[in-house]
Amino acid sequence: MSPHPGVYLYIVSAALFILSLKWMNSPASARRGVFAGEAGMLIAVIATLLVNNIFNWEWIFAAFLIGTAIGIPIAYIMPMTAVPQRTAMSHACGALAAALVGTAEFYRANQLHEHLPVFVMVALVLETLLGFLTFTGSLMAMGKLQEVLPQRPITYRNQNAVNFILFAIAAGLGVWLIIDPTQTWIFPIFAGLSLLFGILLIIPIGGADMPTVIALLNSYAGLSACAMGFALGNNLLVVAGALDGSSGLILSIIMCKAMNRSFTNVLFGAFGQIQTSAAQAQQRNYRSASPEEAASILEAAGSVIIIPGYGLAVAQAQHKIRELYDNLTRRGVDVKFAIHPVAGRMPGHMNVLLAEADIPYDRLWEMDDINGEFPQCDVALVIGANDVTNPAARTDKNSPIYGMPILDVDKAHTVMVIKRSMSPGFAGIDNDLYYMDKTLMLFGDAKAFVSEILKELPAKAAA
Ligand code: NAP
């Protein structure tokens, strides 16, 4: 028997999902990757309706309209710096959807006295367990990032043991359901414990680690969708869920590596509390400079490396930086951008911002490629970056960021740092770079300070 034509659409859709992930690997093709993913999803929905001979599309169309009506305004209102919490919200919704589909399937089969085979029940239990815990876990992560919940790790005695016991009970009930799916009274308790476990899993993790945790929750949501594919016998869901699950896992591993953290340290380490007092930072000497002085130094430079960081995103200074890049390039200065893999607050944060300002991709250099260039570079201009430039990561074994690969900014001939104060960054620690003889602190908001420098640069050109 030849397969239903809709199955060919499934293959096209799966191919588009794979291409989408591949294209999202580079800023140059990322936009195409997003379109490919969207097209893949649209084709998947149409194929599912065709394969299952579903002709009453009203509900699906209504859901489509409601989702679009909510999604489009959110995309415009949400500032770039809030993307991690928005992503957490998406995972919460996706995971809840998977868990509810599993719940509906369980009760539907029971009501019709349909026998659910062991394999289907295993998939259904995994789907609902992961779906419910990811739902509440993602809401907690979103609350911490949005600061509606306390960012600090919430800890108590024997926390890991309590979590483990709770999880063991939920898993035990899941096994009972697999053995005897007719015991419907177990299901609400199983679902309730899964929801509770999601909360307890996330509250001991500091707000600072939430972006990594979100990547992990993304992976759980994907695995839940994959299990849903097995439970419903839908091959495309298996493929899409597996892609989502594995890419989320790979992303969290990359993020942990770039921060020199282990998975267990992120999940059980209570990282992200302020660790040095501001008083200690004030005791050390540093030099500061005005926009005019900074402009003279840049004008005299032959090569400049710009190091963007989280402060660039806060200040939304990307367009001003583009103007600075244009201005310096016109003067014959060689300008490059050094991109640290975890600069900012989400993977690819700096690439997205700089792409928004149309900075040519070939001017963006990855950490490993640019580090060899710093010793020959006249000026390293750090804009709103902090931890990713801290030499303590190389030298101070007691530093919480010891071992994290950093940009070797301290090796440049002159270093200039634009930030508003001597306050620490994400890791909450002082930065030795600021106290070096070759460093000049340029105090101010990144956008405002770069604007001031730009005002000085043309004046000098005319003179
Ligand atoms: P950072 O260490 O957090 O430092 C950002 C600096 O920007 C701050 O010191 C702040 O100093 C300055 N700043 C804030 N607003 C500013 C403004 N309007 N104008 C100018 N400066 C401003 O940032 P980073 O160097 O980009 O490092 C990223 C950190 O986040 C790393 O520790 C990384 O491990 C962590 N992280 C990243 C990800 C990711 O996926 N990218 C995920 C999880 C964790 P002032 O307050 O003095 O201005």
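These values consider heavy atoms only, across backbone and side chains, with no hydrogens, waters or symmetry-generated copies. All residue numbers in this chain count up from 1 along the given sequence. One-based numbering, in listed order, for ligands and for the atoms of each.
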the protein heavy atom lying closest to atom 34 (O) of ligand 1 turns out to be Met259 SD, 3.0 Å
Within the 4.0 Å heavy-atom shell around Ala343, which atoms of ligand 1 are there? 26 (O), 41 (N)
What pairs meet the salt bridge (charged side-chain N to carboxylate O under 4.0 Å, His left out) rule with one or both residues in residues 385-394, with sequence neighbours excluded? Arg394-Asp408, Arg394-Asp410
Just jot down the ligand 1 atoms closer than 4.0 angstrom to any heavy atom of Ala385, in number order. 25 (O)
Checking a contact table here: which protein heavy atom is nearest atom 16 (C) of ligand 1, and how many Å away? Arg420 NE, 3.5 Å
Could you tell me which non-hydrogen atom of Ile383 sits nearest to which non-hydrogen atom of Ala446, and how far apart they are? CG2-CB, 3.7 Å
Report yes or no: does Asp358 contribute a side-chain atom to a donor-acceptor pair with the main-chain N or O of His319 at less than 3.5 Å? no
Identify the closest protein heavy atom to atom 10 (C) of ligand 1: which residue and atom is it, and at what distance? Lys419 CE, 4.3 Å
Should we count CZ of Arg31 as having more than 12 external heavy atoms under 6.0 Å? no
Just distances here: any N/O of Met404 and N/O of ligand 1 closer than 3.5 Å? no
Check whether any N or O atom of Met422, backbone or side chain, sits under 3.5 Å from an N or O atom of ligand 1, and answer yes or no. no
re atom 47 (O) of ligand 1, the protein heavy-atom contact at minimum distance is Ser421 OG, 2.7 Å
Heavy-atom pairs closer than 4.0 Å: do any link ligand 1 to the side chain of Ala258, the backbone, both, or neither? neither
Please could you name the atoms of ligand 1 that Gly309 approaches to less than 4.0 Å, counting only its heavy atoms? 26 (O)
Under 3.5 Å, is there a donor on one side chain and an acceptor on the other for Asn431 and Thr389? yes
Any N/O pair Thr212/ligand 1 closer than 3.5 Å: no
From Asp244, Leu243, Ile43, residue fulfilling side chain to side chain contact (heavy atoms under 4.5 Å, CB included) relative to Phe17: Leu243
So, the side chain of Asn158 versus the backbone of Ala161: is there a donor-acceptor pair under 3.5 Å, distance only? no
Identify the closest protein heavy atom to atom 42 (C) of ligand 1: which residue and atom is it, and at what distance? Pro211 CB, 3.4 Å
Any N/O of Gly384 closer than 3.5 Å to an N/O of ligand 1? yes
When only distance counts, is Ala446 in polar contact with ligand 1, meaning an N/O pair under 3.5 Å? yes
Could you check whether atom OH of Tyr402 has more than 12 heavy atoms from other residues, nucleotides or ligands sitting under 6.0 Å from it? yes
Please say whether Gly344 places an N or O atom under 3.5 Å from an N or O atom belonging to ligand 1. yes
Quick one: do Arg322 and Asp326 make a salt bridge, cutoff under 4.0 Å? yes
Proximity flag Met255 to ligand 1, non-hydrogen atoms under 4.0 Å: yes
Atoms of ligand 1 less than 4.0 Å from Met346 heavy atoms? 39 (C), 40 (O), 41 (N)
Nearest heavy atom to atom 2 (O) of ligand 1: which of Ile406, Asp387, Leu442 does it belong to? Asp387
Is it the case that the ring center of Tyr434 lies less than 6.0 angstrom away from the ring center of Tyr286? no
Which atoms from ligand 1 have a heavy atom of Pro424 less than 4.0 Å away? 9 (O)
Hey, does Asp445 come in under 3.5 Å of ligand 1, counting only N/O atoms on both sides? yes
Could you check atom 4 (O) of ligand 1 against the protein and tell me its nearest heavy-atom contact, residue, atom and distance included? Asn386 CB, 3.1 Å
Are Asp368 and Glu366 packed together at the side-chain level, in the sense that at least one heavy-atom pair is separated by less than 4.5 angstrom? no
Quick one: nearest non-hydrogen protein atom to atom 22 (C) of ligand 1, plus distance? Gly311 CA, 3.4 Å
Please, which pairs that meet salt bridge (charged side-chain N to carboxylate O under 4.0 Å, His left out) have at least one residue in residues 333-356, sequence neighbours excluded? Asp334-Lys336, Asp334-Arg363, Lys336-Glu373
Let me confirm one number: the CD1-CG distance from Ile306 to Leu298, rounded to the nearest 0.5 Å. 8.0 Å
Would you say the side-chain atoms of Ser296 and Glu293 include a donor-acceptor pair closer than 3.5 Å? no
If you have a sec, work out which protein heavy atom is nearest atom 27 (O) of ligand 1 and how many Å separate them, to one decimal? Val388 CG1, 3.6 Å
Work out whether the distance between some heavy atom of Ala317 and some atom of ligand 1 is less than 4.0 Å. no
